[in-house]
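Worksheet for the structure shown next.
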There are 2 protein chains.
Amino acid sequence: MPTAPNRSFTPLYYQIEQDLLRQIDKGELKPGDQLPSEAQISRQYGVSRITARRALENLVQQGIVYSRQGIGSFVAYARIREMSGFRSFSEDITAKGYRPSSRVVELSLEEPEADVARRLQLPEGGKIYRLHRIRQMDDQPVADEVAYLPAHLYPGLDQYDFSKASLYEVFRTRYGINPTWADAEIEATFAAPDLAQRLGLQPGDAVLVALRQTYSATFEVIELVRSVYCGSRFTFFTGRQFIG
Amino acid sequence: MPTAPNRSFTPLYYQIEQDLLRQIDKGELKPGDQLPSEAQISRQYGVSRITARRALENLVQQGIVYSRQGIGSFVAYARIREMSGFRSFSEDITAKGYRPSSRVVELSLEEPEADVARRLQLPEGGKIYRLHRIRQMDDQPVADEVAYLPAHLYPGLDQYDFSKASLYEVFRTRYGINPTWADAEIEATFAAPDLAQRLGLQPGDAVLVALRQTYSATFEVIELVRSVYCGSRFTFFTGRQFIG
DNA sequence: GTATTTTACTTGTCATGACAATATAATATG
DNA sequence: CATATTATATTGTCATGACAAGTAAAATAC
């Protein structure tokens, strides 16, 4: 459900949606408050009811607002927390107010293991870039991360220095690929000696292992990432998920 | 984004949506296949284009289908995996093909800690039911779980035997409360001796700790659950999340 | 004062219609 | 044969309109 339409102009429904979002973010509309009705929005913005409705519906789908037939729409009490562990590591850490940085252990072009090839839906004989980094916040290692990237999507990727560059930014600007969806499987395990050494831990310490797949808007698997996080220094936040 | 409208009849768009979903589930429409166009669906089902479009849009919002302007709609390659750790434990474990069961350690009515009261958005002086269970699959303990439940939402909850009853079923049938949204924060830590004993682990083993909030359709916090999972026997699957 | 009915407001569903934007295929031209 | 133009298909946005369903408030009846 893209909230930012990918077009050459900004649709009316989107402008109204952003306006309402702004009012919620600024506290002009508080949790529990009723939003203007579809008819009121229609009159206020000079649009049809279907356009007003579309703006409200989008906020409902994002879990920001809820509506009840015959009564109205209301701002959700529980604010959505920023998810972490799903987007760009750089973006995650910056959003938490820390300074992200990375140390590249290795970036190489290679043959994938069978499981990796399967998960990435690689064509026969397809290669991957394997990017191994230690991720840090405020210079303290928090994650050991290996990204498996379909080589056919990213020719020339090895020319970049991912100590400095953000992988997601390179996806977007160089290759025109927008990370749009992600899912993850998460387990706890204990740190092996080599991993413990890289993360400044004791062997046997508890670590969080997340295997995340990232998809483009057309559901191409654009990245498989295995991250091992210090149990004590990183909390994984899922986004709000619909379970009904 | 409710996919099952809560009404006394089934809307046309929903029937079409379910029909398309059935074709995808049965393999009649395979990953990568193009779906019928809006105009074709319109003719085939004898509905307006807006109704056809609504059905397709709902599948897009669920991450099952994607569409491209001027080209068409397509079945996503990557199938959505069943999430786990977000819904009813019973439902999760049953979906994995195991037999869920629970041993109640304790169910009591008590004053909440400040953090619990805040997260549950309890009224001043509000009490909680604290339900402590060991969750099992095929009789093997996999999680130590404490649920904090706002007492005002569930009067008389302590009359139920949650060794046998599903909490979510009781929510729905007895109290008319539908779990609709959830989010979780997840960490890894190590098992303390008492916990290790309850889960059949060694002290110091890695465990996954998930703190999950569950919301009704009107975003009331209906449950706060702290689950500690064996690192080796439980993998937490997030659903597909929109990150764009 | 209470119960019932009516009214008003609001969201939900669906129709018809039009045009814009995007993309590809077919056709025309040099 | 290559390039440009036109046609076609499809999704995206927006309008007007109507009626259903749900809910609460106001008015009326007893």
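Source: prediction; values computed, not measured. The chains referred to below are lettered A, B, ... by the order of the sequence lines, with proteins before strands, and numbering in each begins at 1.
Here the side chain of A:R240 pairs a donor or acceptor atom with the backbone of A:G63 at under 3.5 angstrom. At least one donor-acceptor pair under 3.5 Å links the side chain of B:D33 to the backbone N or O of B:K30. Looking only at distances, a side-chain donor or acceptor of B:T94 sits under 3.5 Å from a matching main-chain atom of B:S90.
Nearest to the side chain of B:I71, among D:dC14, D:dT11, C:dA23, sits C:dA23. Across C:dT22, D:dT13, D:dA21, the shortest atom-to-atom separation from the side chain of B:Q69 is found for C:dT22. For B:F9, whose side chain is taken as the heavy atoms from C-beta onward, the closest listed nucleotide among C:dT13, D:dT10, D:dT13 is C:dT13. Listed nucleotides: C:dT11, C:dT16, D:dT13. Nearest to the side chain of B:S48: C:dT16.
Salt bridge present: A:D161 and A:K164 bring a charged side-chain N and a carboxylate O closer than 4.0 Å.
As a whole-Å value, the separation of B:R53 CZ from C:dT13 C1' is 16 Å. The separation between A:L35 atom CG and C:dT11 atom C1' is 13 Å, rounded to whole Å. A:R43 places its CZ atom 8 Å from the P atom of C:dT10, with the value rounded to the nearest Å. A:E38 has its CD atom 16 Å from the P atom of D:dG22, to the nearest Å. One interatomic measurement links the two molecules: CZ of A:R49 to P of C:dT16, which rounds to 18 Å at whole-angstrom precision. The nearest whole Å value for the distance from the CD1 atom in B:I50 to the C1' atom in D:dA18 is 13 Å. Regarding B:F74, its CZ atom lies at a distance of 10 Å from the P atom of D:dT10, rounded to whole Å. Regarding A:E17, its CD atom lies at a distance of 11 Å from the P atom of D:dT13, rounded to whole Å.
Take the nearest nucleotide of DNA chain C for A:A39 and for B:A52: the residue whose nucleotide is more 5' is A:A39.
With contacts defined as side-chain heavy-atom distances shorter than 4.5 Å, the pair A:F171/A:Y154 qualifies.
Here B:R54 does not reach the OP1 or OP2 of C:dC14: none of its side-chain N or O atoms lies under 4.0 Å away. Between B:S73 and D:dT11 there is a side-chain N or O to OP1 or OP2 distance below 4.0 Å. Of the side-chain N and O atoms in B:S67, none sit less than 4.0 angstrom from OP1 or OP2 of D:dT10. Contact between the side-chain N/O atoms of B:Y13 and the OP1/OP2 oxygens of C:dC14 is not found at any separation under 4.0 Å. OP1 or OP2 of C:dA15 lies within a sub-4.0 Å distance of a side-chain N or O belonging to B:T51.
B:L56 comes within 4.0 angstrom of no nucleic acid atom, judged by non-hydrogen atoms across all strands.
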